[in-house]
Every structure is written in C-alpha cells, then in structure tokens.
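Here's the structure, in structure tokens; my notes come after.
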Amino acid sequence: MNTYEQFIEELRHMKGSALREAMNRSENQAFMVKGVRGLLDSAYSQAALQATFMELVVEDSSEANLEDYPTLGDPQMPQQVNEGQPFPVLSPGSPDNVKVTNFKYGGILEISTEVEEDDQSPAKQIRKQGAALGRKHVEFKDKVFYSILTGNAAIYDTQNFFSLNHPGYNGGAQRANNDNIYTNVTMSANALATVLGTIAKWEGADPDQDLDTLAERIVCPVTLQATAFGLTRADLLPFGAGAGPLGPAASLGGGIPNFMKGKLKVTASPRLDKSSITDWYVKTNFPGLLYLKRKGLQLFQELPSAGKSFEQGLLRYRTEERFGRKVISWRWGVLIS
C-alpha cells in the first residue's frame, strides 16, 4: 500500500484533532484533487444507473449553440404516365423544422476549511458534499425531462404536447387522426388497446405518409407499476371493466391471451407520482423528446494555493455541462388520464 492509499485508509477512522492534523499533511492535497474528483465521477455514474430519463429521450450530440431539426414529409406517390406523356413532377412533401437551443448548467460549492476540519456529522457528511454535485446533475436532468411530460406545455405546433388533432407539420391544418391524449379512463387492458389503435392511425407530415409507429413502453407513476407489469407480462388479460376493443362492459371472469406480453417495457418513476397517481403514458419508438448534448459534465476543484481557497480558506468545487432539451415531435407518445 502506497503513502496515498495509507492516508485514505487512516482518514476513514480519524476524529477531532487527528483529522485536523491530517489536513496539514502533503497527502491531503492529493486526496482533495484525486479523491474528491474520483468521488464526483463515481457518484455521477451511480446516479445515472438510478435515473430513468434516458428511457424517455432520444439522444444526439451538438456542435453549436442552436440546432435545427428539419423534417420532410414523404414525396408524393407515383402517378400513372401514359404513352408519350411527360412524367409529372412529384411534390417533395411538406417541410417542418424545430429549433433546439443548448443551455449551460452548473454551480460552485464552497466549504470552509474550518467546517470541513471540525465536521462531527456521522460518516463526515460535509466531506461528501463534493461527491453529491455529480449526482445532482443527473437528478436535475431526470426532473427536467419528466416535468416536460407533466407540464404538458405548448410545443412547436402551438398546441399542448398532449392534445387532440395535431397538425401533420408546423403550420399545417389540424387532423382528426392525430390525437395523443386519451382522458377519463384508468389503466386497463381496454385502455391500452384503445391507445395502440390511436397510435396506428397517426398521420405524418402528409396524409399519405405511412409512419408505422409502434408502442415501445408504458411510462407510469410507481403507484401504477404493478398494474403496468400485469398488462405487459401476464399470460392472460382480464376482460375490461368498461367496453372496449378487448371485451364488452362489465365482463366477468376468464380472460384472453395477452397479445401485449413481452412487447412493451415499463418505466415507473416517483416523479410522476408527485404530479398525479392516475396519469400514465405510452411511449412510441418515434424520436420525439430530444436530449441534445453540447458538452458533458466537467468537474473542477480550485487549488488550495489559489483564489478563495488561498485568501479565505474555502474549498471550492465547480461543475458545468451544456445540453438542450425539447419536444421535437408530439408523436413521442400518448397521455392517458
């Protein structure tokens, strides 16, 4: 075991004056540079395993402050050409465009050397505040992306994210088939089957554009997690309590083979429970909620011999990252409430 490793091991058991004495040892600077930075990276990775926002988004990288996400409807279908007639010019499809801006996020954590030295909290929690910075970045993104679902604000087509009759493209006319909200129902096999039918009718930028969009997962509060797993893993589906695609109203007993078994994943998050324990979502495979990475998480520690660390005895840590987030298509999924 080298000198640095010995210092780390001793630090775990030090108290009071012994800890204050350790802060004057040369190995302490190595600990603050190597140890805390390592803890930040480790905490970020561990928190990433617990966050679920990555299951909601499509990820892309960025080289600029502002990115355009243009989409183009399908070209017009071929037309009959009679003998001797010129070939007709086909329409390239209706254009669409969504702009996504990257923003910077971060902050500085300051801890005085006196507070750090005299920390008497269990397991020296103050010393662990640096490690918490990385975790808070992941928690922030988890909260931000779930708030886009629960906030249901207006998006690029001027309608709410989840609403009836979305236009096929920005500025186009509303269309009766483009619904991504289903209200006044509870989570059930009939409700899920109805939503799958709704998704199947969605139109692209042009009515003739076939999307073939598929449901990918149920996104729900933890309160509905057991029901969601039942709908996606059970061998038999119970008949619905209300009339729907899978059965008449008030059917009793029995069941039908679960055609949805193994085809849909489940994501449950307590962030949804805080908004509503009855609202849930069906996410599709269509890229609709964008996580645009401009610059990944960066971690910095001010040297003890510079800045406020030198002038005021403050240990300072700074984090920084840049990313954008935006709804680039309402076809992300359906809200059921």
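Heavy-atom basis, side chains included; hydrogens, waters and symmetry copies ignored. If you read the sequence from its start, that first residue is 1, and numbering goes on from there.
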Interatomic spacing from [atom1] in [X] to [atom2] in [Y] - rounded to 0.5 Å:
{"X": "Leu214", "Y": "Asn285", "atom1": "CG", "atom2": "CG", "answer": "5.0 Å"}
{"X": "Ser337", "Y": "Asn152", "atom1": "OG", "atom2": "CG", "answer": "9.0 Å"}
{"X": "Arg271", "Y": "Ser147", "atom1": "CZ", "atom2": "OG", "answer": "9.5 Å"}
{"X": "Trp332", "Y": "Glu216", "atom1": "CH2", "atom2": "CD", "answer": "9.5 Å"}
{"X": "Ile336", "Y": "Asn184", "atom1": "CD1", "atom2": "CG", "answer": "13.0 Å"}
{"X": "Phe161", "Y": "Asn180", "atom1": "CZ", "atom2": "CG", "answer": "7.0 Å"}

What is the minimum heavy-atom distance between [X] and [Y], and which atoms define it?
{"X": "Val282", "Y": "Ala215", "answer": "CG1-CB, 3.8 Å"}
{"X": "Pro221", "Y": "Ala268", "answer": "O-CB, 4.3 Å"}
{"X": "Val98", "Y": "Val327", "answer": "CG1-O, 4.0 Å"}
{"X": "Asp142", "Y": "Ala51", "answer": "OD1-CB, 3.7 Å"}

I'd like to check [X] versus [Y] (side-chain heavy atoms, cut-off strictly below 4.5 Å). Are they in contact?
{"X": "Gln159", "Y": "Pro167", "answer": "yes"}
{"X": "Ile199", "Y": "Val195", "answer": "yes"}
{"X": "Leu196", "Y": "Phe259", "answer": "yes"}
{"X": "Ile218", "Y": "Tyr281", "answer": "no"}
{"X": "Leu289", "Y": "Val58", "answer": "no"}
{"X": "Ser329", "Y": "Tyr156", "answer": "yes"}
{"X": "Met187", "Y": "Thr227", "answer": "yes"}

Taking atom types as modelled, find out whether [X] and [Y] have a side-chain donor-acceptor pair closer than 3.5 angstrom.
{"X": "Tyr146", "Y": "Ser275", "result": "no"}
{"X": "Asn178", "Y": "Glu203", "result": "no"}
{"X": "Asp179", "Y": "Thr198", "result": "no"}

Give the ring-plane orientation class for His166 versus Trp330, where under 30° counts as parallel, over 60° as perpendicular and anything between as tilted.
parallel
Using the side-chain hydrogen bond (donor to acceptor under 3.5 Å, both in side chains) rule, take Ser276 and Thr278 through it: C-alpha gap first, then chi angles, then the decisive distance, then the call.
CA-CA 5 Å; Ser276 171; Thr278 58; 3.1 Å; yes
Are Lys141 and Tyr291 in a cation-pi setup, meaning NZ or CZ lies under 6.0 angstrom from the ring centre and within 45 degrees of the ring axis?
no
Test item: Asp157 side-chain N/O and Gly171 main-chain N/O as donor-acceptor pair under 3.5 Å:
no
Glu67 vs Leu292, side-chain contact (heavy atoms from CB on, under 4.5 Å): CA-CA, chis, key distance, verdict:
CA-CA 9 Å; Glu67 295 283 359; Leu292 187 63; 3.6 Å; yes
Does the pair Lys293/Asp60 count as a salt bridge with the N-to-O cut at 4.0 Å?
no
How about Gln85: does its CD atom have over 12 heavy atoms from other parts shown lying under 6.0 Å from it?
yes
Determine whether Asp279 and Leu272 satisfy the following criterion, side-chain contact (heavy atoms from CB on, under 4.5 Å), listing intermediate values before the conclusion.
CA-CA 8 Å; Asp279 291 357; Leu272 295 178; over 6 Å; no
Sequence neighbours left out, what passes side chain to side chain donor-acceptor pair (under 3.5 Å) with Thr213? Give chain and number order.
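Counting only residues at least two positions away or on another chain, Thr213 forms no side chain to side chain donor-acceptor pair (under 3.5 Å).
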Is there any side chain to side chain donor-acceptor pair (under 3.5 Å) pair reaching into residues 257-268, and which pairs are they, with sequence neighbours excluded?
Glu55-Thr267, Arg217-Thr267, Asp235-Lys261
Using the side-chain contact (heavy atoms from CB on, under 4.5 Å) rule, take Val219 and Trp280 through it: C-alpha gap first, then chi angles, then the decisive distance, then the call.
CA-CA 6 Å; Val219 181; Trp280 53 289; over 6 Å; no
Applying side-chain contact (heavy atoms from CB on, under 4.5 Å) to Arg175 and Asn165, what does each step give before you reach the verdict?
CA-CA 5 Å; Arg175 299 194 189 148; Asn165 304 329; over 6 Å; no
